[in-house]
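These notes are about the structure you will find just below.
Each chain gets a letter, A, B and so on, in the order the sequences are listed, and its residues count up from 1. Just so it is clear, the values below take in all heavy atoms, side chains as well, and ignore hydrogens, waters and symmetry mates.
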Protein chains: 2
Amino acid sequence: MFDMADPTETPPALLELTTYLLSRVGKDARNRLAELLAADGLRLHHHAALAALADFGPHTQRDLATRLRLDPSDLAKAADQLAAAGWLDRTRDPADRRRLTLTLTPAGATRLAELDALARDVQDAVLAPLTAAERAVLHGLLLRVHG
Amino acid sequence: MFDMADPTETPPALLELTTYLLSRVGKDARNRLAELLAADGLRLHHHAALAALADFGPHTQRDLATRLRLDPSDLAKAADQLAAAGWLDRTRDPADRRRLTLTLTPAGATRLAELDALARDVQDAVLAPLTAAERAVLHGLLLRVHG
DNA sequence: TCCTATAGTGGGTCCAGACCCACGATTCGC
DNA sequence: GCGAATCGTGGGTCTGGACCCACTATAGGA
């Protein structure tokens with residue numbers, strides 16, 4: 001019926017779907033980075049949390065959970081680990097003693113830089129088939145789609 | 001420090017990562033389609049299985065599992081449901097009675113067309129911000145990355 | 001002051017995806 | 001023909017993600 005030479009070939013009907021490619025490539029990138037982070041006992045949302053604190057400054061746990069679209073309970077657990085590792089400070093807000101303010105520590109900033117480098121490595125590997133110009137185009141399009 | 005106007009804004013450091021956008025957009029597309037399929041009790045690999053049978057003709061269960069990068073055991077379960085619904089025939093290969101040959105039924109082809117339409121709808125929604133020309137560019141780049 | 005609402009947290013549930021092992025049936029190499 | 005390999009399959013496990021509830025501590029309004 002077709003050229004069955006390669007028995008692992010993906011159905012053309014799927015390859016025609018941009019969303020199929022999107023989810024396949026995206027999942028691959030995600031998995032690669034997740035695996036690298038797992039070696040250090042970290043997950044992707046740990047990286048996101050550190051990045052958010054670096055980019056926007058200190059957050060209440062509630063606020064950070066909202067920003068990262070995480071359940072407050074789950075974020076509490078993540079913050080636990082990050083604080084235990086010394087990447088962030090968790091201080092009780094004196095104005096409202098229910099609140100905990102999360103602040104990136106210098107050590108956390110250093111760690112974040114390492115994680116960013118890791119993410120760049122994965123990105124270079126995933127986008128290897130593209131030229132720099134093509135990567136820029138891809139990035140621009142994805143930004144529009146994401147927005 | 002920044003414009004904190006929108007407390008749900010994603011950290012710029014992450015938006016700069018193409019792989020971050022890729023996995024976020026991809027997961028979104030995946031979830032949307034998965035949700036639609038779930039209404040009919042189907043999963044994404046059901047769609048993939050039907051598409052593979054349509055594009056490449058009948059397969060042994062083993063071969064189909066290999067092509068879809070699924071565990072043979074998991075594919076057996078999926079084939080069960082598809083056969084029960086009448087979308088495919090499962091016949092014992094007379095030449096090797098261990099093998100089961102999966103063949104798309106006419107009803108299955110019809111169903112597949114419906115699923116494809118569903119996938120196109122999701123794609124239109126996800127890629128709404130892009131023009132047709134831009135979508136073509138995006139598709140081409142993703143094909144290169146995927147290959 | 002008392003009542004209600006909110007922040008954080010511990011301890012769960014539920015689901016999908018990926019995997020894996022053991023087994024019966026069958027085939028194939030020798 | 002017999003032992004080794006292979007196909008399908010039932011019945012698991014393990015992981016991550018998303019979610020949810022109950023509870024304590026605290027704050028704030030009437």
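Counting to the nearest Å, the P atom of D/dA27 and the CG atom of A/Asp93 are 9 Å from each other. Per the geometry, CG belonging to A/Leu82 stands 15 Å off P belonging to C/dG8, to the nearest Å. Taking atom NE2 on B/His47 and atom C1' on C/dA16, their separation rounds to 19 Å, with Å as the unit. C/dC15 atom P lies 16 Å from atom NE2 of B/His45, rounded to whole Å. If you take CG of B/Leu37 and C1' of C/dA16, they are 14 Å apart, rounded to a whole angstrom. A straight line from CG of A/Leu75 to P of C/dG8 spans 9 Å, rounded to a whole angstrom. Counting to the nearest Å, the P atom of D/dG16 and the NE2 atom of A/His46 are 11 Å from each other. Taking atom CD of residue B/Glu35 and atom P of nucleotide D/dG17, one finds them 19 Å apart after rounding to whole Å.
By the 4.5 Å heavy-atom criterion applied to side chains, B/Glu16 and A/Arg120 are counted as neighbours. Using a 4.5 Å heavy-atom threshold, the side chains of B/His59 and B/Arg67 count as touching.
Within the structure, a side-chain polar atom (N or O) of A/Arg43 is placed less than 4.0 Å from OP1 or OP2 of D/dG17.
The main-chain N or O of A/Ala29 is never found under 3.5 Å from a side-chain atom of B/Thr19 such that the two would form a donor-acceptor pair. Although no hydrogens or angles enter the test, the distance criterion places no donor-acceptor pair under 3.5 Å between the side chain of B/Arg90 and the main chain of B/Leu100. Side chain of B/Arg30 to backbone of A/Ser23: no donor-acceptor contact under 3.5 angstrom is found. Between the A/Thr105 side chain and the A/Gly86 main chain, a donor and an acceptor come within less than 3.5 Å of each other.
Between A/Asn31 and B/Pro94, the residue anchored closer to the 5' end of DNA chain C is A/Asn31, taking for each the nucleotide with the nearest heavy atom. With DNA chain D read from its 5' end, the first of the two nearest nucleotides for A/Ala38 and A/Arg69 is the one closest to A/Ala38.
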Letter per nucleotide, 5' to 3', of nucleotides 6-12 of chain D [B base touched, S only sugar-phosphate touched, - untouched; heavy atoms, 4.0 Å]: BSBBBB-
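For B/Asp74 and B/His45, the side-chain atoms include no donor-acceptor pair closer than 3.5 Å.
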